Amino acid sequence: MNRQTQQKLKQLLIIILAWIMTGGVIAIFEDLVLHTRNSLGPVPGYTLISSIVLNAVIGLFGALLGGSLLVFFVNVKYNDKPYGYTLLIVAGSFLGVILIVNEVLSLYELGDSKRFLKNGLVWAIVVSITQLLLQINSKFGQGIFWDIISGKYNTPKEESRIFMFLDLNSSTSIAESLGDKKYHELLKDIFIDITNPILENRGEIYQYVGDEVVVAWRYDEGLRNNKCINCFFDIKAHLSFLRNKYIGKYGLIPAFKAGIHCGKIIAGEVGIIKRDITYSGDVLNTTSRIQNMCKEFNQEMLVSIALIEELQLTDHYTTQMLGSIKLRGKEKEMQLVAVQPV
């Protein structure tokens with residue numbers, strides 16, 4: 001099972017639990033309404049427990065069907081559409097089904113159609129809020145939205161991270177030949193297509209900066225099975241696999257150069273109007289400088305010696321020591337290593 005499918009199943013599990021709880025809350029609210037002065041009271045045989053169970057079961061089956069539809073279809077098919085568009089599609093479709101079923105119930109006098117319509121409208125709001133939260137989670141990145149909600153980084157924390165700066169080769173000449181609009185379409189396609197290789201290697205897309213992508217790993221996850229190194233070559237292989245798509249649409253095969261480094265950073269929330277979790281520290285500046293040296297040494301990937309010493313590359317990659325290099329803006333020299341697959 002690939003990483004993206006695992007994340008979707010995790011989202012579905014959260015939806016199932018949330019909707020079951022919502023069903024229980026609806027049952028308790030209805031019980032309180034039934035015992036007010038203006039109510040005619042519950043029907044014979046009604047109990048709060050049976051109502052909670054019934055509504056929880058409705059929430060369960062609704063989550064299995066509706067949640068699966070949101071996670072595995074709507075947010076995949078319409079992943080390049082505006083967020084408001086998907087909300088309208090979801091809410092409109094759900095309301096349409098509710099109204100049709102309610103009319104059928106009214107026509108044949110089956111059950112309490114007004115109560116069905118009321119509950120249906122409540123669940124339409126629940127579905128819309130769920131879709132909104134899924135879109136917000138997608139906007140911030142997997143796990144980042146929860147970190148902000150929970151306040152994990154409200155107080156800055158020191159963490160060990162691995163960073164990879166990916167830079168599109170010949171970006172200036174490509175932009176000139178394609179024009180601004182077509183170049184933007186190219187970047188959009190590339191960023192979509194490299195997402196799966198990054199996720200499969202447990203990477204986190206930290207930032208898009210123009211034609212550059214910054215990928216981060218938690219230290220242990222990036223080291224495990226050389227995932228921080230594998231990621232670059234998996235991206236390269238995947239773009240090569242899509243060569244016909246890119247040649248046909250843009251007349252080129254996109255390629256990247258990368259710099260990778262590791263070390264301590266400070267992770268914390270910044271901003272008031274636009275709150276985000278950012279990483280700061282010398283590690284990021286150094287990684288950017290390492291990536292800039294790729295062109296000078298005619299290498300597609302350069303890695304700091306500090307990271308190389310933590311990896312086990314002997315069976316899968318060849319390394320070439322480039323010696324101690326003084327990076328731009330740095331006082332101390334750093335040993336850089338070129339890495340290539342065997």
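Since the structure is predicted, the reported quantities are computational estimates derived from the model, not experimental observations. Just the heavy atoms: all of them, side chains too, but no hydrogens, waters or symmetry mates, feed the values below.
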Here the pair of heavy atoms bringing S304 nearest to C262 is OG-N, 4.3 Å
Give a yes or no on whether the backbone of N225 and the side-chain of N230 come within a donor-acceptor separation of less than 3.5 Å. yes
Roughly how far, to the nearest 0.5 Å, is OG1 of T286 from CZ of F165? 9.5 Å
Look at the side-chain heavy atoms of Ile, Leu, Val, Met, Phe, Trp and Tyr, link any pair under 4.5 Å apart, and say whether V25 and I20 land in one connected group. no
Which atom pair, heavy atoms only, marks the closest approach of F297 to L302? CD1-CD1, 4.3 Å
Please examine the side chains of S171 and L187, heavy atoms only from C-beta on, and report whether any two atoms are closer than 4.5 Å. no
Taking all non-hydrogen atoms of both residues into account, name the closest pair between A216 and F163 and its distance. CB-CE2, 3.6 Å
Atom CE in M301, atom OG1 in T319: separation rounded to 0.5 Å? 12.5 Å
Taking the side chain as every heavy atom from C-beta outward, state whether C228 and L307 have any atom pair closer than 4.5 Å. yes
Electrostatic pair E159:K157 at N-O distance under 4.0 angstrom: no
Atom CE of M321: over 12 foreign heavy atoms under 6.0 Å: yes
Distance col, row E185:CD vs K188:NZ, nearest 0.5 angstrom, shows 8.5 Å
Look only at the side chain of N55 and the backbone of S51, and say whether a donor-acceptor pair between them is shorter than 3.5 Å. yes
Measuring only between side-chain heavy atoms, which start at C-beta, is Q340 closer than 4.5 Å to F233? yes
Same apolar cluster (I L V M F W Y, side chains within < 4.5 Å links), M21/I129: no
Could you tell me the separation between the CG atom of N196 and the CG atom of N201, rounded to the nearest 0.5 Å? 11.0 Å
Decide whether I14 and V71 are clustered together by the hydrophobic rule: side chain heavy atoms of Ile, Leu, Val, Met, Phe, Trp, Tyr closer than 4.5 Å, transitively. no
For residues F72 and L12, determine if any side-chain heavy atom of one lies less than 4.5 Å from a side-chain heavy atom of the other. yes
Could you go through the side-chain contact (heavy atoms from CB on, under 4.5 Å) check for E309 and Q335 one step at a time? CA-CA 11 Å; E309 290 174 346; Q335 288 188 334; 5.6 Å; no
Could you state whether I162 and I205 fall into the same hydrophobic cluster, counting links through intermediate Ile, Leu, Val, Met, Phe, Trp or Tyr residues with side-chain heavy atoms under 4.5 angstrom apart? yes
Interatomic spacing from CG in L60 to CG in L65 - rounded to 0.5 Å: 9.5 Å
Could you walk me through whether R289 and M334 pass the side-chain contact (heavy atoms from CB on, under 4.5 Å) test, one step at a time? CA-CA 11 Å; R289 301 290 189 270; M334 173 176 286; over 6 Å; no
In short, M164 meets F232 closest at the heavy-atom pair SD-CB, 4.0 Å
Hey, what do you get for CG (L166) to CD1 (I190), rounding to the nearest 0.5 Å? 10.5 Å
What I'd like to find out is whether the side chain of L239 reaches to under 4.5 Å of the side chain of F256, using heavy atoms alone. yes
Walk me through whether I290 and I260 qualify under side-chain contact (heavy atoms from CB on, under 4.5 Å). CA-CA 7 Å; I290 292 172; I260 310 182; over 6 Å; no
Taking every non-hydrogen atom, the tightest pair across C231 and W217: CB-CZ2, 3.6 Å
Only pairs at least two apart or in different chains count here, so list each salt bridge (Lys or Arg N to Asp or Glu O under 4.0 Å) that has a residue in residues 216-239. R202-E221, K236-E300
With sequence neighbours excluded, give me every salt bridge (Lys or Arg N to Asp or Glu O under 4.0 Å) pair touching residues 239-262. D167-K257, D189-K249, D193-K245
Hydrophobic clustering (ILVMFWY, side-chain heavy atoms < 4.5 Å, transitive) - are F29 and L48 grouped together? no
Is there side-chain contact between V303 and Y317, with heavy atoms separated by less than 4.5 Å? no
Check for a donor-acceptor pair, side chain of S288 on one end and backbone N or O of N285 on the other, with a separation under 3.5 Å. no
For W19 and G62, the nearest pair of non-hydrogen atoms, with its separation, is CZ3-O, 3.3 Å
Parallel, tilted or perpendicular, as decided by the 30° and 60° cut-offs, for the rings of F191 and Y208: parallel
